[in-house]
Protein chains: 2
Amino acid sequence: MAVTKRPTLADVAARAGLSKTAVSLVLNNRPGSRLSADAVARIHEAARDLNYRPNAQARSLRLGTTGTVGFISDDVTVTRFASAMIRGLLDAADESDRGVLIAETFNHPKQLGKAMEAMADRQVDGLIFGALSARLIDLPPLPEGMRAVTVNCVNPDIPVAVLPSEEEAGYAVTRHLLDAGHRDGIAIIGNAPVARTTPRISVTIGRRFDGIHRALDEAGVTPAAVADIEEWEPWNGYDGAKAVLDSGAPVTALLCLNDRVAFGAQQAMQEKGLRVPDDLSIASFDDDQIAAYLRPGLTTARLPYLEMGRRALELLLDPDPTPGEHLVQMPLQVRGSIRSLT
Amino acid sequence: MAVTKRPTLADVAARAGLSKTAVSLVLNNRPGSRLSADAVARIHEAARDLNYRPNAQARSLRLGTTGTVGFISDDVTVTRFASAMIRGLLDAADESDRGVLIAETFNHPKQLGKAMEAMADRQVDGLIFGALSARLIDLPPLPEGMRAVTVNCVNPDIPVAVLPSEEEAGYAVTRHLLDAGHRDGIAIIGNAPVARTTPRISVTIGRRFDGIHRALDEAGVTPAAVADIEEWEPWNGYDGAKAVLDSGAPVTALLCLNDRVAFGAQQAMQEKGLRVPDDLSIASFDDDQIAAYLRPGLTTARLPYLEMGRRALELLLDPDPTPGEHLVQMPLQVRGSIRSLT
DNA sequence: TTCCGGTGCTGAAAGGTTTTAGCACTGACG
DNA sequence: CGTCAGTGCTAAAACCTTTCAGCACCGGAA
């Protein structure tokens with residue numbers, strides 16, 4: 001018993017009693033091809049009967065286009081919530097029937113080159129570069145004529161980039177605290193003197209601060225304290241918050257620079273017997289998973305990875321996208337961590 | 001100025017002054033093809049000069065094999081730590097120079113069918129099916145002759161499956177508690193009367209319990225309490241732990257059925273002013289990210305997603321893999337949440 | 001001389017698709 | 001009757017690779 005092979009165009013043609021040309025014309029319903037209604041019907045019927053699906057390699061070979069895009073990132077697929085970026089990509093890809101080929105480089109330049117070659121060999125129609133933190137990335141030269149978009153990162157060779165709208169978010173979160181009546185009791189947990197001015201670490205984090213300070217300045221408010229912390233992990237948040245609380249500054253709210261920091265800050269509060277939000281409010285950024293796990297939930301500005309991934313793919317497929325940064329709004333997730341003082 | 005096209009085999013042949021056949025033979029260094037050392041050298045030189053890379057579509061068309069595998073899952077890529085599965089896959093794929101095409105179905109049968117067709121159209125050499133929870137999944141019939149492996153799920157049509165070694169982990173975690181001197185003070189937070197017997201929810205969770213009870217029985221220990229909870233989210237853990245603590249049972253350790261439950265249990269403890277591990281020890285499963293964020297860190301049995309992904313790809317490429325379940329060990333991550341009573 | 005095996009290489013087909021150029025026929029128009 | 005436009009369809013080339021079959025030559029053996 002022979003293995004039943006996939007039917008080809010020729011099989012459909014034979015069954016319909018017509019030529020391969022006719023079948024191709026009909027199935028791709030090319031305008032300007034005038035086949036009799038009868039022929040069209042016979043072809044469709046034959047294709048259905050045989051369960052015909054075109055061979056993508058053959059088509060690619062002929063067309064020079066594969067209907068596949070590549071996603072190359074340092075560590076996105078694999079890490080935390082940033083993987084939502086992939087989801088957005090996949091959703092959008094699915095809608096336009098593209099396949100998505102992925103590769104991770106773990107910040108290894110050699111891996112990066114290899115991944116790019118592998119993608120080029122497979123003739124992807126475009127490349128999306130992602131990164132875990134929104135930074136300036138280095139890339140080897142792109143293959144001639146290769147379309148590309150960066151998402152959550154930037155590169156001088158690639159004109160279109162998708163980034164989170166950090167300035168706006170910084171403003172919105174701070175505004176939210178101010179609107180709840182917090183004024184001079186706002187302490188900022190997190191600082192980034194180096195990252196702010198080092199694009200290779202982050203191109204957006206400075207904007208988060210800019211937004212915060214725009215809101216504070218507008219309201220004529222000075223922060224009660226600013227905790228300097230090296231990194232933005234829970235243990236750093238713990239240390240930072242502890243220092244602020246120990247200092248005895250009259251604090252009503254902790255504005256934490258991300259959720260992991262907020263999580264650590266909350267641990268420090270708990271140790272002191274302080275409760276959220278009754279004793280102290282907390283606002284934050286990112287909407288990491290823990291933001292929803294905490295009790296009460298954290299009010300935080302969500303990093304819109306899903307939307308960014310989707311947007312990146314749309315821009316990649318757009319025949320002429322407007323160059324420059326495409327900022328995606330960071331929506332405020334209001335939960336129970338902020339107490340109204342009014 | 002013409003766009004410089006990718007060089008083809010013919011270009012290399014022309015530059016080397018030989019035939020395409022010769023070039024193909026040499027570049028794939030086919031055994032049995034006897035070309036002069038001079039010819040071989042000229043071909044390699046020409047290929048290098050032109051920066052020749054073979055066209056994957058053309059090769060696939062000829063060979064009927066693409067060097068690409070597909071990964072289809074319900075929600076894996078996109079969700080937290082399970083995405084490590086992808087990392088393992090990608091690592092292994094990279095080592096054997098395969099591409100990985102991914103698709104997520106979000107449990108939509110229609111999406112699943114579509115994804116499988118898309119993969120089949122692109123002629124992937126094999127398909128890996130993943131799921132977020134280790135359950136029995138339904139699949140439309142596989143294309144004739146398509147190789148397949150399931151990872152973190154099972155399907156009757158697919159003989160080779162990769163699963164975490166839950167029984168062993170249940171035993172190990174419990175044993176760890178017992179070895180630390182905890183006996184009749186062990187309370188189990190989490191239950192799964194339905195899931196245990198419903199493969200469509202989980203095929204492995206029962207084994208986790210089996211391992212726990214094997215260890216307890218061996219030691220002649222009866223749990224101090226078992227908290228019945230609906231789901232295994234932090235809020236359920238909170239409720240369950242609270243109930244146990246309120247009951248006044250003489251508890252020395254909480255054996256939580258996963259980290260999110262443990263997280264919630266810890267919140268309940270904090271409310272009562274109880275500290276980990278001084279007042280109460282906690283052991284758990286999964287090694288979700290929060291396990292490392294908690295203070296102290298959670299001692300937990302890690303779901304080995306990375307290794308499972310890698311294993312799945314290796315099995316997919318294995319010409320004749322041994323059928324059946326391939327269990328991957330769940331290593332114990334020892335952190336500070338367990339107090340030794342000895 | 002013929003035959004033969006070995007050496008070094010190549011022509012052409014095949015894989016499945018899209019597309020260009022064009023064939024054969026009909027009916028209308030001059 | 002010749003021409004011409006339109007209609008319905010097809011042959012063949014092209015995309016780039018791999019591989020089968022075989023060519024031309026040479027030296028040695030019969």
Side-chain angles (χ1 to χ4, degrees), chain A residues 3-44 46-47 50-68 120-123 125 143 145, chain B residues 3-44 46-47 50-68 120-123 125 143 145:
Chain A
V3 179
T4 55
K5 276 183 54 260
R6 263 174 93 98
T8 74
L9 207 56
D11 297 329
V12 177
R15 178 173 251 258
L18 290 164
S19 70
K20 291 190 298 172
T21 305
V23 177
S24 175
L25 256 27
V26 168
L27 293 186
N28 298 312
N29 60 326
R30 271 263 158 311
S33 62
R34 322 135 297 178
L35 295 194
S36 65
D38 174 58
V40 171
R42 287 215 314 280
I43 288 171
H44 277 129
L50 295 176
N51 208 344
Y52 170 74
R53 313 216 85 223
N55 177 317
Q57 325 302 321
R59 170 178 270 162
S60 304
L61 183 57
R62 182 69 237 256
L63 259 33
T65 180
T66 53
T68 302
D121 289 351
R122 288 188 168 77
Q123 312 260 104
D125 297 339
Chain B
V3 179
T4 55
K5 276 184 55 253
R6 260 174 96 96
T8 74
L9 207 55
D11 297 328
V12 178
R15 178 171 248 258
L18 290 164
S19 70
K20 292 190 298 173
T21 304
V23 177
S24 175
L25 255 27
V26 168
L27 293 185
N28 297 313
N29 61 328
R30 268 266 159 310
S33 61
R34 322 134 298 178
L35 295 194
S36 64
D38 174 58
V40 170
R42 288 215 314 281
I43 287 170
H44 276 129
L50 294 176
N51 206 345
Y52 171 74
R53 312 216 84 225
N55 177 317
Q57 326 302 320
R59 170 178 270 165
S60 305
L61 184 56
R62 181 72 237 257
L63 259 32
T65 178
T66 53
T68 302
D121 289 351
R122 289 186 169 78
Q123 311 261 104
D125 297 340

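The structure presented is a predicted model; accordingly, all values stated were derived computationally and were not measured. Lettering of chains follows the sequences in order, A, B, ..., and the numbering in each one begins at 1. Computed from heavy atoms alone, side chains included, the values below leave out hydrogens, waters and symmetry copies.
Out of dT17(C), dT10(D), dC9(C), the shortest distance to the side chain of Pro54(A) is found at dT17(C). When the nucleotides dC9(D), dC15(D), dT10(D) are ranked by their closest atom to the side chain of Arg34(A), dC9(D) comes out on top. Between dC16(D), dT19(D), dT10(C), one nucleotide has an atom nearer to the side chain of Ala58(B) than all others, and that is dC16(D).
Across all strands shown, Thr21(A) has heavy atoms under 4.0 Å from base atoms, whether or not it also approaches the sugar-phosphate. As judged by a 4.0 angstrom heavy-atom cut-off over every strand, Ser24(A) is placed among the base-contacting residues. Note on Leu63(A): only backbone sugar-phosphate atoms sit closer than 4.0 angstrom, heavy atoms only; bases stay farther off.
Of the residues near DNA chain C, Leu9(A) and Leu25(B), the one whose nearest nucleotide (by heavy atom distance) lies more toward the 5' end is Leu25(B). In this structure, Leu61(A) and Arg30(B) both approach DNA chain D, and ranking their closest nucleotides by distance from the 5' end singles out Leu61(A).
In this structure, Arg59(B) atom CZ and dC15(D) atom C1' are separated by 16 Å, rounded to whole Å. Atom CG of Asp11(B) is separated from atom P of dC16(D) by 9 Å (rounded to the nearest Å). Atom P of nucleotide dG16(C) and atom CZ of Arg122(B) are separated by 19 Å, given to the nearest angstrom. Distance, Lys20(B) NZ to dC15(D) P: 10 Å, rounded to whole Å. Put simply, CG on Asn55(B) is 12 Å from P on dC15(D), counting in whole angstrom units. For the pair Gln57(A) CD and dG15(C) P, the interatomic distance rounds to 15 Å; values are reported in whole Å. Put simply, CZ on Arg6(B) is 13 Å from C1' on dT17(D), counting in whole angstrom units. We find that CG of Asp121(A) is positioned 19 Å from P of dC15(D), with the value rounded to whole Å.
Here Ser36(A) reaches the OP1 or OP2 of dC9(D): one of its side-chain N or O atoms lies under 4.0 Å away. In terms of phosphate contacts, Ser19(B) brings no side-chain nitrogen or oxygen within less than 4.0 Å of OP1 or OP2 of dG11(C). Between Tyr52(B) and dC16(D) there is no side-chain N or O to OP1 or OP2 distance below 4.0 Å.
One finds a salt bridge joining Asp38(A) and Arg42(A) here, because a Lys/Arg side-chain nitrogen approaches an Asp/Glu carboxylate oxygen to under 4.0 Å.
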Test log, rule side chain to side chain contact (heavy atoms under 4.5 Å, CB included), inputs Gln123(A) and Leu61(A): CA-CA 9 Å; Gln123(A) 312 260 104; Leu61(A) 183 57; over 6 Å; no
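Closest approach of Thr8(B) and Tyr52(B) over heavy atoms only: C-CE1, 3.5 Å. Summarising the geometry of Asp121(B) relative to Ala56(A), their closest heavy-atom pair is O-CB, 3.2 Å, with the distance given to 0.1 Å.
Between Thr68(A) and Arg122(A), the closest side-chain pair of non-hydrogen atoms is not below 4.5 Å.
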